[in-house]
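Side chains are part of it too, since the values below use all heavy atoms of this structure and drop only hydrogens, waters and symmetry mates. Numbered from 1 within each chain, the chains take letters A, B, ... in sequence-line order.
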Number of protein chains: 2
Amino acid sequence: MCIHCDYRQLLKDGGVSPTLNRLRVLEIIGSNNFPLPAADIHETLDRSAPINRVTVYRILDLLVEKQIVARIATGGRAAYYGMAPNAQHQAHPHFYCTQCGRMDCLTPETVDIDFHAFENTFPGRIDKVEMRLDGICRNCLKKKT
Amino acid sequence: MCIHCDYRQLLKDGGVSPTLNRLRVLEIIGSNNFPLPAADIHETLDRSAPINRVTVYRILDLLVEKQIVARIATGGRAAYYGMAPNAQHQAHPHFYCTQCGRMDCLTPETVDIDFHAFENTFPGRIDKVEMRLDGICRNCLKKKT
DNA sequence: AGATCAATGCAACTTTATTGCATTTTACAA
DNA sequence: TTGTAAAATGCAATAAAGTTGCATTGATCT
Ligand SMILES: [Mn+2]
Ligand SMILES: [Mn+2]
Ligand SMILES: [Zn+2]
Ligand SMILES: [Zn+2]
């Protein structure tokens, strides 16, 4: 996703020791320009050098907790993972193709969200705002004829 | 949710025969002012008159397909179900408490979303837009102290 | 080196949802 | 009314995604 990202530094900043596996997981996520499900991340890593499925899940949990990685819900069953919003990467909506399961990042300006007033009166704590568009991607539309 | 809703009519309009179980499921969803997970819907129904878990899932699938009911994704594992947007009920964002799992409906004006321009240039088909705020609800904040 | 703690692997388990097939209920023509 | 087909429901098995417990390995610090 980003040539400016120093993954090792991101881990350090999050107070996470930069083990090889953590770096590998973060690099897969960071070098991809759309979010991926855990199974894809595991599969990719496992091909280059074997790594346990559970290890991937644990690393993902850790990176999400440390806000280095964002867990993104879909209309489907599996969560997707992308870089968390940070100085370089603004939060943005995603498009999820319910046919092929591919998720795309939309530019932050795609939608104009203003919930400032609300945020001040809401009686709970807001940690995260997620916006997702569901539909059929161009590719799947083509295939369908 | 709504005293204006004629559930039997909603089913008919969707081309779905109004069986007792379908009516029961729809009434639970419609009379609740926040979305519920399938397990809660089943549990409630099962207490009054036994109904199979799978039947509830199948009815939910059907009602979602017919756009009578909306399936709402959460940051958690289970989908939640509420009335689908229609003439009486505008689409709106939801707040999901990651602590207690309760989901609240927010008023449509909570956020000001404008993605009209985008919609016209996007090369895929958009079926649905979902917006969700995650955090800790007032109740859970109090308890935590 | 030895003690200690963190990270990883592996098997079993949990939660949520789906599938296959048998049974029951409904629709409705004869 | 009865017979028959189709639809709806129930039940058991299965699936997908994620989690937990515990053993093993690897790193860190005297
Ligand atoms: Mn993204
Ligand atoms: Mn709602
Ligand atoms: Zn697609
Ligand atoms: Zn709560």
Side-chain angles (χ1 to χ4, degrees), chain A residues 7-8 11-12 14-26 28-29 35-66 68-81 96 98 100-101 103, chain B residues 7-8 11-12 14-26 28-29 35-66 68-81 96 98 100-101 103:
Chain A
Y7 300 118
R8 192 174 294 271
L11 291 177
K12 266 193 184 171
V16 167
S17 60
T19 68
L20 178 56
N21 282 335
R22 286 170 184 169
L23 271 168
R24 290 211 295 148
V25 168
L26 188 54
I28 289 287
I29 293 173
L36 294 171
D40 284 10
I41 295 169
H42 173 249
E43 205 183 342
T44 303
L45 290 176
D46 202 46
R47 262 197 303 266
S48 68
I51 181 174
N52 193 272
R53 201 169 66 84
V54 177
T55 301
V56 172
Y57 276 118
R58 285 201 272 236
I59 290 175
L60 289 171
D61 285 348
L62 180 70
L63 299 185
V64 167
E65 185 203 323
K66 299 303 183 185
I68 298 168
V69 159
R71 176 182 284 124
I72 303 161
T74 73
R77 311 269 309 271
Y80 281 48
Y81 296 88
Y96 177 70
T98 53
C100 66
M103 182 175 275
Chain B
Y7 300 118
R8 191 173 295 269
L11 291 178
K12 265 193 185 171
V16 167
S17 59
T19 68
L20 178 57
N21 282 335
R22 287 171 183 168
L23 271 168
R24 293 174 72 212
V25 167
L26 188 54
I28 289 286
I29 292 173
L36 294 170
D40 284 11
I41 295 169
H42 173 249
E43 204 184 342
T44 303
L45 290 177
D46 202 47
R47 262 198 303 268
S48 68
I51 181 174
N52 193 271
R53 204 168 64 82
V54 177
T55 301
V56 172
Y57 276 119
R58 285 200 272 235
I59 290 175
L60 289 172
D61 285 349
L62 179 71
L63 300 186
V64 167
E65 186 202 323
K66 299 303 184 186
I68 299 167
V69 159
R71 174 182 285 123
I72 303 161
T74 73
R77 312 266 307 275
Y80 280 47
Y81 296 87
Y96 178 70
T98 52
C100 66
M103 181 175 275

### Query
Sub-3.5 Å donor-acceptor pair from the side chain of B:His42 to the main-chain atoms of B:Pro37, do we have one?
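Side chain of B:His42 to backbone of B:Pro37, a donor-acceptor pair under 3.5 Å: no, none is there.
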#### Entry: Sidechain-backbone polar pair: B:Arg22 side chain, B:Ser17 backbone, donor-acceptor under 3.5 Å
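Yes, B:Arg22 side chain to B:Ser17 backbone: donor-acceptor pair under 3.5 Å.
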### Message
Under 4.0 Å, heavy atoms only, any strand: does A:Arg58 hit a base, just the sugar-phosphate, or nothing?
### Response
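Here A:Arg58 touches the bases of the nucleic acid.
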### Task
Would you mind classifying the nucleic acid contact of A:Ala79 as base, sugar-phosphate or nothing, using non-hydrogen atoms under 4.0 angstrom?
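Counting heavy atoms under 4.0 Å across all strands, the contact made by A:Ala79 is with sugar-phosphate only.
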If you compare every side-chain N and O of [X] against the phosphate oxygens of [N] (OP1, OP2), does one of them come in below 4.0 Å?
X: A:Tyr57; N: D:dT19; value: no
X: B:Thr19; N: D:dT9; value: yes
X: B:Asn21; N: D:dT9; value: yes
X: B:Asn52; N: D:dC11; value: yes
X: A:Thr55; N: C:dA7; value: no

### Query
Only one of B:Leu26, B:Thr55, B:Ile41 forms a side-chain contact (heavy atoms from CB on, under 4.5 Å) with B:Leu60, so which one is it?
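Per the side-chain contact (heavy atoms from CB on, under 4.5 Å) rule, the option paired with B:Leu60 is B:Ile41, out of B:Leu26, B:Thr55, B:Ile41.
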Closest listed nucleotide, where the reference is the side chain of [X] and the choices are [options]:
X: B:Arg53; options: C:dC10, D:dG18, D:dA13; value: D:dA13
X: B:Ala78; options: C:dG9, C:dA17, D:dG10; value: C:dA17
X: A:Val54; options: D:dT19, D:dA17, D:dG10; value: D:dT19

### Message
Any donor-acceptor pair, under 3.5 Å, between the side chain of B:Arg77 and the base of C:dT16, if you only look at N and O atoms?
### Response
no
### Query
Does any N or O donor sit under 3.5 Å from an N or O acceptor when you compare the side chain of A:Arg22 with the base of C:dA7?
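No such pair is found, so the answer is no.
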### Query
Nearest 0.5 Å, what's the CD1-OH distance between A:Ile29 and A:Tyr80?
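OH of A:Tyr80 is found 13.5 Å from CD1 of A:Ile29.
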